[in-house]
Amino acid sequence: SFQESAPKTWPKAKLTPNARVILEKRYLKQENGKVIETPEDMFYRVANVIAEVEERYGKGKKEVKELAKEFYAMMANLEFMPNSPTLMNAGRDLGQLSACFVLPIEDSMEKIFDAIKFAAIIHKSGGGTGFSFSRLRSKNSTVRSTGGVASGPVSFMKVFNAATEAVKQGGTRRGANMGILRVDHPDIQEFISCKEDNKEITNFNISVGITEEFMKAVKERRDYDLIDPHTGKAVGKLSAPEVFHTIVDHAWRNGEPGIVFLDRLNRDNPTPKIGEIEATNPCGEQPLLPNEACNLGSINLKLLVTEKNGKAVVNWERLSYVTRQAIHFLDNVIDANTYPLPMIEEMVKGNRKVGLGVMGFADMMILLQTSYASEDAVEYAEKIMNFIQTEARLESQRLAEERGTFPNYEGSIYDGVRKLRNATLTTIAPTGTISMICGASSGVEPLFAVAYTKTVMDGTAFVEVNPIFENYAKEYGFDSSELMRKIADKGTVLGFSEVPDWVQAVFVTAQEIDPEWHIRIQAAFQKYTDNAVSKTINFANSATREDIAKAYELAYELNCKGLTVYRDGSRDEQVLSAGTSQ
Ligand code: CDP
């Protein structure tokens, strides 16, 4: 219904060579192995499909065209990017636009294998799936119909894992899963250690679902009850401090399991009458009800710094505009989307959740000459996310006035408080690929390195020197290829006397930052985020188990919804590796 090529007069996308390679590999249309679409055509395709939704709400062709142009500009300028499935699939056969799904697993053979089938369908389209295995009866409990014994959640996770492995080959991207088990499930100890061997259950991230009751028992150094998922009755006891220690020990060894604070997810569940939240998507930032999906998008903060009286400042005016357009865009995605299953469509259209977040926060701090590990950065994080959430709600309210509230509004936490079009608005995604497309630091993470090698899924490696660092080097007179090479080998600028002290402070990298600052930044964003925040808390290789335990306690204290830790060098294969030597 629209021409395929972007009009010549529309702005061109300012993509880095790396970004072009990524787009050509998996995002742009191909025919017989040849790319037949430019990045501009892709943004045009996406903008048109998402803007055309206006027609369903009574808008005319002219308005659709104007909106399409605004959506296009936001993407081509790299100021806003929807999640990968939207870029890949809008206006194409798959038409599946969401990154995040949660599927229920009921305790019967039929339901378990239904979930595996549904996950395969979702993976094929580039979506990731999260599951709670908490409803499955424990290992060795009886199976009435056969008189045999149950094999338990962990053994079924291996079946899900194998299915994902098989689908992986043909999909648009590698299928990702999240597996969650409640800490009071009788099989919790087996679950905590199920990824001890790095080669097992590789297509899953795992997280222990922590309850308030458990945290209380840890604090009081006492036992807590294990609950039979069928009867709801206590069937055993474990020492809470010991289980806590086991989780910490495993996380210290190889970063898994993570933890999620289940009661907190439900405290902020906007539609408690519709269901209970038991799981999140694969990277943990999106808690969802069973059979719910969510589409994400991120604002590139790197581009939202401007100059005022010779000083770098946040461009609030532009941030307001981009936030509003982004929410409009994401709400339209819900209608433009092709859903993999009817029950998912029903759930998504009932709550109309979207997840707008940010990328390039670390870049923004650098441009504002502020260290990520500072009170000022925490303050910026709060101020920016508060602003985005406020603007997002205003836009959702405007859309509600025009199109109606989300259908499950009645009985929701917003009922009688504020009419909104969407049950949730904000989520901080990892932005693993879209941040590379935008040439920005990922999500709210600090720089991983000033120069680094990044390996993407198919094994291609990129060497990158931070472009802002290159600019500063020229501007402040320490630009030498010799120095750049040394920095690239080391990954950091700390200790290079040629580099001014303030530049060293501003280019602080993930592993140099005290975990406390990592967590405080996560907490600052969480404060103004409806859903959750994707964040990895980096530790030096020398960090102790006590350091990890303290981090968990701090995250709990500061109201985070979960925590993922990673100790440098604790896994054989790292996605990101500092320096060019690895
Ligand atoms: O940058 P991009 O939009 O590609 O994705 P992201 O922000 O890194 O990840 C957002 C979500 O997409 C994850 O939390 C997963 O739910 C999903 N995802 C996935 O299913 N498979 C992947 N290989 C990467 C992401």
Side-chain angles (χ1 to χ4, degrees), residues 18-19 22-23 25-27 42 46 75 78 80-90 94 96-103 118-131 160 164-165 167-169 171-180 202-205 207 258 260 279-288 292-300 326 329-330 333 340 344 353-361 426-445 454-459 529 531-536 561-562 564 575-576:
N18 287 350
I22 293 164
L23 290 177
K25 279 226 159 91
R26 291 185 300 138
Y27 291 69
M42 173 188 76
V46 176
M75 289 185 282
L78 311 176
F80 164 80
M81 210 52 72
N83 56 206
S84 289
T86 303
L87 294 172
M88 289 169 170
N89 300 337
L94 274 171
Q96 196 295 103
L97 311 179
S98 297
C100 313
F101 295 79
V102 163
L103 293 172
F118 297 156
I121 294 168
I122 290 165
H123 290 166
K124 207 175 76 173
S125 68
T129 44
F131 308 92
F160 278 75
T164 305
E165 189 69 30
V167 174
K168 183 151 112 177
Q169 313 305 331
T172 48
R173 60 176 171 176
R174 191 190 142 153
N177 298 298
M178 169 65 89
I180 289 178
T202 48
N203 298 309
F204 269 89
N205 294 325
S207 276
V260 294
T280 71
N281 70 325
C283 304
E285 71 277 13
Q286 189 62 51
L288 291 168
E292 195 169 27
C294 184
N295 63 288
L296 311 175
S298 299
I299 295 171
N300 182 3
F329 180 104
L330 294 173
V333 169
I344 292 177
K353 283 182 186 169
V354 300
L356 178 62
V358 299
M359 61 178 126
F361 174 69
T426 41
T427 302
I428 310 280
T431 70
T433 326
I434 57 170
S435 66
M436 290 197 270
I437 294 171
C438 292
S441 59
S442 54
V444 297
E445 297 291 358
K454 186 157 187 168
T455 314
V456 289
M457 246 103 59
D458 63 357
T529 301
N531 295 299
V533 178
S534 167
K535 177 91 187 69
T536 301
K561 287 192 174 164
T564 306
V575 178
L576 293 161

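Not measured: the values here are computed from a predicted model. In each ligand, atom 1 is the first atom listed, and ligand 1 is the first ligand listed. FYI, side chains are in, hydrogens and waters are out, and symmetry mates aren't considered; it's all heavy atoms of this structure.
- Under the salt bridge (Lys or Arg N to Asp or Glu O under 4.0 Å) criterion, E285 pairs with no residue at all, not counting sequence neighbours.
- Scanning P82, G443, A429, S84 for the heavy atom closest to atom 4 (O) of ligand 1 points to S84.
- Distances below 4.0 Å separate heavy atoms of N83 from the following atoms of ligand 1: 3 (O).
- With a 4.0 Å cut-off on non-hydrogen atoms, M81 does not touch ligand 1 at all.
- When N281, L288, I434 are ranked by how near their heavy atoms come to atom 14 (O) of ligand 1, first place goes to N281.
- For ligand 1 and E285, the ligand atoms under 4.0 Å from any heavy atom of the residue are 10 (C), 11 (C), 13 (C), 14 (O).
- Distance check: I437 CD1 to M359 CE gives 8.5 Å after rounding to the nearest 0.5 Å.
- Checking A176, G284, S534 against atom 19 (C) of ligand 1, the nearest heavy atom belongs to A176.
- Just one of I434, L330, L296, L97 meets the side-chain contact (heavy atoms from CB on, under 4.5 Å) condition when paired with T86; it is L97.
- Between F131 and F204, the ring planes are tilted. Angles from 30° to 60° get that label.
- Taking distance alone, with nitrogen or oxygen atoms compared against 3.5 Å, G175 stays at or beyond that limit from ligand 1.
- The distance criterion of under 3.5 Å between nitrogen or oxygen atoms is met by G128 with respect to ligand 1.
- Contact record, I22 with Y27: O-CD1, 3.6 Å, taken as the closest heavy-atom pair.
- Every N/O-N/O distance between S435 and ligand 1 stays at or above 3.5 Å.
- Under a 4.0 Å criterion applied to the non-hydrogen atoms of G127, ligand 1 contributes the atoms 20 (O).
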Item to complete: Test side-chain contact (heavy atoms from CB on, under 4.5 Å) on T433 and R26 and set out the steps.
Response: CA-CA 11 Å; T433 326; R26 291 185 300 138; 4.0 Å; yes

Worksheet item: Yes or no on side-chain contact (heavy atoms from CB on, under 4.5 Å) for C294 and N281, after CA distance, side-chain angles and deciding distance?
Response: CA-CA 9 Å; C294 184; N281 70 325; over 6 Å; no

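- Interface of C283 with ligand 1, defined as ligand atoms under 4.0 Å from a residue heavy atom, comprises 13 (C), 14 (O).
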Item to complete: Output, in order, the C-alpha distance, side-chain angles, deciding distance and verdict of side-chain contact (heavy atoms from CB on, under 4.5 Å) for I121 and F101.
Response: CA-CA 11 Å; I121 294 168; F101 295 79; over 6 Å; no

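- For ligand 1, the atoms closer than 4.0 angstrom to any heavy atom of R174 are 21 (N), 22 (C), 23 (N).
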